[in-house]
Amino acid sequence: MRELFDPVAKGLAGVLIDLGLDDVEPKSIVGGATDRSHGDIAIPFHKFAGVLRRPPAEIAEEVAGKLSPYLDKIAYVSSKSGFVNVTATPKWLSSRLVEFCDHPSFGVKADSLRKVVVDYSSPNIAKEMHVGHLRSTVIGDSLVRILEAKGNKVIRENHIGDWGTPFGMLIERLEDLDSSGIDPDEAMSDLGQFYRDARAQFDGDENFRARARARVVSLQTGDEPTLRRWGQLVDISMSHFQEVYVLLNVLLTEDDVMGESKYDHLLPDVVERLQKKGLLESNDGASVIYPGDWLNRDGDPLPLIIKKRDGGYNYATSDLACIIDRVERLQAEDLVYVVGAEQKQHFEMVFASARKSGLIDSRHTTSHVPFGLVLGPGGGKLKSRSGGVVKLLDLLNEAIDRASASVKDRNPDITQEELGRLSRSIGIGAVKYSDLKSDRTKDYVFDWEKMLSFEGETGPYLQYAHARISSILRNDKFQQSKSGLTSFSLAHESEMRLAREILKYPESVDQAAEDLAPHRICKQLHRLSQAFAAFYENCPVLVEDDNTRNERLALCRIAGGILNHGLNLLGIDAPDRM
RNA sequence: GGGCGUGUAGCAUAGCCUGGAUAAUGCACCGGCCUCCUAAGCCGGGGACCGCGGGUUCGAAUCCUGCCGCGCCCGCCA
């Protein structure tokens with residue numbers, strides 16, 4: 001609907017000059033109407049009452065009269081209590097809809113040609129993925145799809161934790177099990193248990209602890225047998241991650257993995273570069289950089305530690321190395337990090353350091369995309385029935401099982417194969433939609449009943465709207481060709497409402513891309529689904545009258561296409577039957 | 001102590017960046033609607049001192065400011 005703003009602003013420019021308001025930028029006073037009964041656009045004139053020494057209502061009335069001829073055939077213009085209201089004509093809506101008929105992305109323009117790296121998911125080797133990884137993975141994946149749809153070249157990066165001191169104990173644990181004849185795959189079949197066992201042995205056995213420490217040194221100095229063991233750990237973990245990613249239907253593959261180990265060789269380089277810039281300072285034996293105005297508890301400047309007192313590197317160093325790699329090797333312009341809100345300050349400090357040291361400059365942007373927590377029923381931490389962390393794999397399988405039960409309940413004759421596919425689409429879609437539908441910075445309570453209830457603002461509701469549309473198109477005996485319609489009459493109120501929600505889709509995608517906020521798309525798709533549901537009740541599609549049928553079929557095709565397109569941007573399937 | 005985030009009907013949220021008219025949506029609640037393209041739906045209804053107080057403005061959920069509740073962060077973990 002933003003396309004309506006241009007002609008309105010243009011027409012308004014002349015009118016404002018007539019009124020003696022030459023210096024007012026027309027676009028600055030044109031806004032979307034907040035209430036449907038006020039039309040599509042509202043322009044308030046109260047602020048000019050003082051300058052013009054006239055009551056707002058009178059000004060608005062005059063403007064409406066003068067603006068109306070400019071917008072002939074485009075919009076109706078009226079005025080009320082100091083506002084000028086502009087309402088698109090069916091003719092204008094129709095011409096816009098005709099464009100959408102043949103537009104493969106329904107008005108979404110691929111007009112942002114940036115090179116973007118999106119860093120998301122980031123699980124740890126030798127640890128099972130748990131609910132804590134859900135949001136980064138789901139939100140990050142949706143952002144990748146959205147940014148790609150906007151034309152950007154997007155590079156996915158899965159910054160897995162595959163390096164550092166824990167690997168000493170993990171490798172030693174693996175050694176021990178192997179020498180007692182246990183197959184590594186079997187030893188690590190329960191990743192969480194494997195990690196906990198290693199941890200327990202590390203904490204309880206002094207001899208083991210010493211071996212683990214020695215092993216870390218071997219790893220970092222490139223000892224071959226150690227690296228082989230390390231490789232085993234990585235491989236087994238990776239296949240577990242991939243299993244989750246496939247189930248979750250996210251785009252991440254093994255090709256997207258860029259673990260911490262990959263940046264290891266750049267760490268001395270980071271130190272050197274900062275040193276050359278004269279930014280490194282010695283502090284209590286460590287080498288640090290002071291990126292800005294951050295203070296510690298005592299009110300002293302807070303440094304970012306680049307090299308620890310013991311000579312080791314810190315995660316800040318690794319993050320800076322990452323930036324070097326992304327900017328110089330990958331030539332990235334925009335750096336996006338989908339990482340929990342608790343790391344906000346850390347990333348701000350890293351970004352500030354990167355700018356200060358010239359690793360990035362005015363051509364680059366950095367965005368930390370924080371998100372809230374997934375909470376349990378009581379509002380506390382989400383726990384499994386046994387009280388531990390919820391494994392992501394278990395959670396996803398439960399979603400699918402629950403969806404399966406509902407599908408079977410409703411559709412007893414369904415084939416096993418279709419049941420499997422459908423419950424996967426619905427179960428995973430429900431989890432993803434409930435994660436994406438509200439502002440990501442907020443915590444949300446994980447609630448099976450709500451997300452799978454199939455009522456209200458849920459994934460299944462949107463999928464159902466799509467399935468009903470598909471059903472209509474299937475039942476169309478004439479199987480109209482895809483385009484050919486040159487105008488829409490939009491005679492029924494429900495058709496008009498549907499048309500408006502259709503036309504608002506592209507701007508919701510732009511908003512989502514701009515704010516890195518997928519929920520903007522969720523909200524618009526839900527409004528579209530509601531408008532479609534009303535249309536579905538009030539406007540039978542497969543009727544005898546050719547004109548009516550063709551027009552309504554075209555509306556269905558566009559609405560269904562948008563649902564498919566939009567759900568895809570969220571990483572959610574759009575089944576044709578439910 | 002400092003910083004950041006958050007607070008909107010019984011519950012869950014949108015709107016806040018970019019100030020407009022009667023605060024939107026879902027759940028729950030009340031009343032209607034299946035000889036008709038999937039009722040996982042639709043139509044109608046009740047329910048809100050937008051955390052509290054000041055300020056700016058013709059106009060504040062939205063901007064500024066001071067409180068209050070909750071959460072997170074504040075150097076050798078990631």
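Chain naming here is simple, since letters A, B, ... match the order of the sequence lines and numbering starts at 1 in each.
- The residue Cys522(A) sits apart from the nucleic acid: no heavy atom pair falls under 4.0 Å.
- For Arg468(A) and Tyr536(A), the positive end sits near the middle of the six-membered ring, less than 6.0 Å away and at most 45° from its axis.
- Between Asn296(A) and G1(B), a side-chain N or O to OP1/OP2 separation shorter than 4.0 Å is absent.
- The minimum heavy-atom distance between Asp443(A) and Leu373(A), with the atom names listed, is OD1-N, 2.7 Å.
- Stacking of His526(A) onto the six-membered ring of G26(B) is not present when judged by under 5.5 angstrom between centres and under 30° between planes.
- One can place CZ of Arg309(A) at 9 Å from P of C76(B), the figure rounded to the nearest angstrom.
- Taking 3.5 Å as the limit, the base of G75(B) and the side chain of Asn283(A) contain a donor-acceptor pair of atoms between them.
- Base contact: Ala42(A) has a heavy atom under 4.0 Å from a base atom.
- At a threshold of 4.0 Å, the pair Arg2(A)-Asp510(A) counts as salt-bridged, since one of the basic side-chain nitrogens sits closer than that to a carboxylate oxygen.
- Arg2(A) comes within 4.0 angstrom of no nucleic acid atom, judged by non-hydrogen atoms across all strands.
- Of the residues near RNA chain B, Tyr536(A) and Arg527(A), the one whose nearest nucleotide (by heavy atom distance) lies more toward the 5' end is Arg527(A).
- A sub-4.0 Å separation between OP1 or OP2 of C43(B) and a side-chain N or O of Arg497(A) is present.
- Using a 4.0 Å cut-off, some side-chain N or O of Lys442(A) falls inside it from OP1 or OP2 of A14(B).
- Checked by distance alone, Arg577(A) brings no side-chain donor or acceptor within 3.5 Å of a matching partner on the base of U38(B).
- Minimum interatomic distance between His466(A) and Asn564(A) (heavy atoms only, all atoms of both residues): NE2-CB, 3.9 Å.
- Applying the 4.0 Å criterion to OP1 and OP2 of U6(B), one finds that Tyr444(A) has every side-chain N and O outside that range.
- Residue side chain Asn538(A) does not reach the base of C42(B) through any donor-acceptor N/O pair under 3.5 Å, judged by distance alone.
- Base orientation of C17(B): anti, the glycosidic angle falling outside 90° of 0.
- For the pair His368(A) (side chain) and Val339(A) (backbone), a donor-acceptor distance under 3.5 Å is present.
- Side-chain N/O atoms of Tyr464(A) and base N/O atoms of A40(B) include no donor-acceptor pair closer than 3.5 Å.
- In a base pair of the Watson-Crick type (N1 to N3 plus N6-O4 or O6-N4) or a G-U wobble (N1-O2 and O6-N3), with each distance short of 3.5 Å, C42(B) is matched with G32(B).
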